[in-house]
Student: 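Let me give you the structure first, and then I'll get to my questions.
Note that these values count all heavy atoms, side chains included, but never hydrogens, waters or copies made by symmetry. Remember, it's 1-based here, ligands and their atoms both numbered in the order they're listed.
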Amino acid sequence: MMSGDAEVALDAGALLAESPVWDGREGVLRWVDILRGEVHRYDPSGGLDTHSAFGEPVGAVALREGGGLLLAVGRGFATVEQDGDALSWLWRDGRGDRMNDGKCDPAGRFWAGTMADERHPGGASLYRLDPDGHVEEALPAVTMSNGLGWSPSGETLYYVDTPLERVDAFDYDLSAGTISRRRTLVDLRAADGRPDGLTVDADGGLWVAMAHGGAVRRYTSGGVLDHVLTLPVPMVTSCTFGGPELADLYITTASEEALHPGAVDRPHAGGIFRAALGVTGMPATPYRG
Ligand code: CA
């Protein structure tokens, strides 16, 4: 039985906080403020949050096996030294406006997608970056590439293209890094808000952040809703499990005012929230390149 409320872990005041990743090596939460081009390091033990700024939008951050970080930044991929601020570009030819959500598969490949500009729906793609630096356009005709997550076995990829208002599943070939047999797992057209980031827990449940919906929803791997965690702000963007036992759900949020001029923010909008729900996550796989 899941219970527990979301509390403010860090009153970050972010414009668009996203891509929370638990870095078990240091016991810190990495996260990005996309619109400020910042990569943050939040240490829950002391409460200290520090960041590096990169001068262009950072859609997602991943850990690297050899140390340092991998970023989906601008329209491409770059590495950066631990807590450094100099980008080493790997590739920067993504289609669309900018990189958005990204995550490593269980074999250490990095997946991230772009966002199309408003006049060109379908003008974005989902990309796969292999450890040898090869970039594959894995899924074209995407509009707003968002949440990614793998089942505990690694045999299913869950994916959100936000305007479709659903969570899709693909068969995932973990040895080749290829996707097939796309189908709808959850139809969210009738739900409050639109699906954004997601994470998968150790039992295979999906936690889906609902932008404009003020909630994170848990679905079973069969697509059945079995828990709703409500938050005091509407722009809920993504989530991941962190803490020493991976038992704390960290949730990123955004400033509604920043995204929709004229809107008035609730207190703690753009903050990082945390909830202990009696559920644990899986450790983030680092990029093996
Ligand atoms: Ca997002």
Student: Would you give the angle at the Ca ion (ligand 1) between N146 atom OD1 and D196 atom OD1, to the nearest 10°?
Tutor: 80°
Student: Between F110 and F77, does the ring centroid distance fall short of 6.0 Å?
Tutor: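 Aromatic pair counts; centres sit under 6.0 Å.
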Student: Can you tell me how far apart CG (L259) and CG (L15) are? Round to the nearest 0.5 Å.
Tutor: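 It comes to 8.0 Å.
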Student: State whether a side-chain donor-acceptor pair under 3.5 Å links Y172 with D105.
Tutor: yes
Student: Any N/O/S of T162 under 3.0 Å from the Ca ion (ligand 1)?
Tutor: no
Student: Under the ring pair (Phe, Tyr, Trp, His ring centres under 6.0 Å) test, which residues partner Y127, sequence neighbours left out?
Tutor: W91
Student: By atom name, which N, O or S atom of E18 is the nearest to the Ca ion (ligand 1)?
Tutor: OE2
